[in-house]
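Encoded as structure tokens, the structure appears first; notes follow it.
The first residue of the sequence shown is numbered 1, and numbering continues consecutively from there.
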Amino acid sequence: MKIIFNLSERQIQKAMILSGLADAEVDKINSVLPKYPELDITEFMEKNDEDNYAHLAFASFALGTIVQLEDK
């Protein structure tokens, strides 16, 4: 399953603040962000989410979306 978030510029900035990134990292991300209109994080998640907490959180959101789509 591929999950795509269409985040606004404001949401991206909030996420960067909440993630605790250093100013240099924020600058780096802002400079390359246009190169990534869509991002597949599957490989990153497999390497960095050993407890599967993020996988389960994303899956919950995806299932909720499916329910919403099917109820229409």
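- Under the side chain to side chain donor-acceptor pair (under 3.5 Å) criterion, D40 pairs with T42, not counting sequence neighbours.
- Cluster membership for F61 and I12, using ILVMFWY side-chain heavy atoms within less than 4.5 angstrom, is not shared.
- Within the structure, salt bridge (charged side-chain N to carboxylate O under 4.0 Å, His left out) contacts touching residues 44-63 (residues at least two apart or in different chains) are E43-K47.
- Side-chain heavy atoms closer than 4.5 Å link hydrophobic residues (I, L, V, M, F, W, Y) into clusters, and following such links, possibly through other members, connects V26 to L39.
- If you chain together hydrophobic residues whose side chains sit under 4.5 Å apart, I41 and V32 fall into the same group.
- Y53 and F58 fall into different hydrophobic clusters, where Ile, Leu, Val, Met, Phe, Trp and Tyr are joined by side-chain heavy atoms under 4.5 Å apart, directly or via other members.
- At a threshold of 4.5 Å between side-chain heavy atoms, the hydrophobic network of Ile, Leu, Val, Met, Phe, Trp and Tyr places Y36 and M16 in one connected group.
- Pairs engaging residues 19-39 under the salt bridge (charged side-chain N to carboxylate O under 4.0 Å, His left out) rule: K2-E38 [sequence neighbours left out].
- When all heavy atoms are compared, the tightest approach of P37 to P34 is CD-O, 3.9 Å.
- Scored by the side chain to side chain donor-acceptor pair (under 3.5 Å) test, S8 finds Q11 as partners (sequence neighbours excluded).
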